[in-house]
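Note sheet for the following structure.
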Protein chains: 2
Amino acid sequence: MPSHKADIDHIDQIFRALGDPTRRAIVEKLSEGPISVSQLAQPLNITLAAVVQHLQVLEESGLVQTEKVGRVRTCRIDPAGLSLAEQWMADRRSVWERRFDRLGDLLVESDESE
Amino acid sequence: MPSHKADIDHIDQIFRALGDPTRRAIVEKLSEGPISVSQLAQPLNITLAAVVQHLQVLEESGLVQTEKVGRVRTCRIDPAGLSLAEQWMADRRSVWERRFDRLGDLLVESDESE
DNA sequence: AAAATACTTAAGTATTCGCTTGACAATCAA
DNA sequence: TTGATTGTCAAGCGAATACTTAAGTATTTT
């Protein structure tokens, strides 16, 4: 039985997180490898506090994991989050494309209704 | 030479569009097949005007196409939009996973820095 | 110990967003 | 023609969002 309530909620958080361009820039940067919060902030033209807020959203969504050692917090991508969202889109597409197959059948057979 | 400015802008619109749960519900519904605006509105607990506004966002993002014949506008998914977003995520993941491969190499060879 | 680094947290602000209401246009049915 | 569908447009409202500033904490350096 696929797609629990918890999963739907998770998908919700993931897409909400990816909806913001700055957060996508963060994910993009992290895809090159794990870095600290201030390294992450440097290329973006916003304050460190703003970056921290974005990271909270990303971490709650499960797209990013962080770990603090000493005074520096290191951030890395969790690819599972991305592939969950990927799956959602692939599913919608496949349902859509399967429809075309059935449509083809109907055009050929041309009777026997639903 | 991949990823033009126009593409980035397009990706921006797509992810922004998918960031809203109601719009994802619309995409989900449309994946079952093309339907009219009021049919789309029926299961959602919002006014028709709100649905039209969501459809504008979805159409501008390229995720949905619509066509009006008579007084009814029929909406359908454009799978190209979905696969573009899918690609973006797959790319981020692959960069990340390629990093692991290189890390493996380094651990095995354990010299020759770059 | 003192200063610098690397965050963290809270409060405030300006803008954006999703939604409603209400008035309107166009098409189809009786 | 009259009335019912089906959608469109504009204005406005409350809540959410992305950001800043400012004050604080914990850790490392000097």
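Naming convention: chains lettered A, B, ... in sequence-line order (proteins, then strands); numbering from 1 in each chain.
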Same apolar cluster (I L V M F W Y, side chains within < 4.5 Å links), A/Val57/A/Ile77: no
ILVMFWY cluster, B/Leu58 and B/Leu44 together (side-chain gap under 4.5 Å):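 The answer is yes; both residues are in one hydrophobic cluster.
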Hey, does the side chain of [X] come within less than 4.0 Å of [N]'s phosphate (OP1/OP2), counting only N and O?
X       : N      : value
B/Arg23 : C/dC17 : no
A/His54 : D/dC19 : yes
B/Arg73 : D/dT8  : yes
A/Lys68 : C/dT8  : yes
A/Arg71 : C/dT8  : no
A/Thr22 : D/dC19 : yes

Whichever of A/Gln39 and B/Val57 has its nearest DNA chain C nucleotide further upstream toward 5':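 Here A/Gln39 is the residue nearer the 5' end.
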Residue met sooner reading DNA chain C from 5', once A/Gln53 and A/Val72 are mapped to nucleotides: A/Val72
Atom [atom1] of [X] and atom [atom2] of [N]: how far apart are they, to the nearest Å?
X       : N      : atom1 : atom2 : result
A/Gln56 : D/dT17 : CD    : P     : 14 Å
B/Gln42 : D/dG7  : CD    : C1'   : 16 Å
B/Ile46 : D/dG14 : CD1   : P     : 20 Å
A/Asp12 : C/dG18 : CG    : P     : 13 Å
B/Arg16 : C/dT16 : CZ    : P     : 11 Å
B/Asp20 : D/dA16 : CG    : P     : 13 Å

More than 12 heavy atoms of other groups within 6.0 Å of A/Gln42 CD: no
Pairwise 5' ranking along DNA chain D for A/Thr47 and B/Ser36, keeping only the more 5' one: B/Ser36
Touch class at under 4.0 angstrom, heavy-atom based, for A/Ser38 against every strand present: sugar-phosphate
Sugar-phosphate, base or nothing in reach of A/Leu48, heavy atoms under 4.0 Å: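 It contacts base atoms.
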A/Gln39-A/Ser36 side chain donor-acceptor pair, cut-off 3.5 Å: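 Side-chain D/A pair, A/Gln39 to A/Ser36: present.
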For B/Val37, the option from B/Thr74, B/Thr66, B/Val51, B/Val72 that meets side-chain contact (heavy atoms from CB on, under 4.5 Å):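 Only match with B/Val37 under side-chain contact (heavy atoms from CB on, under 4.5 Å): B/Val51.
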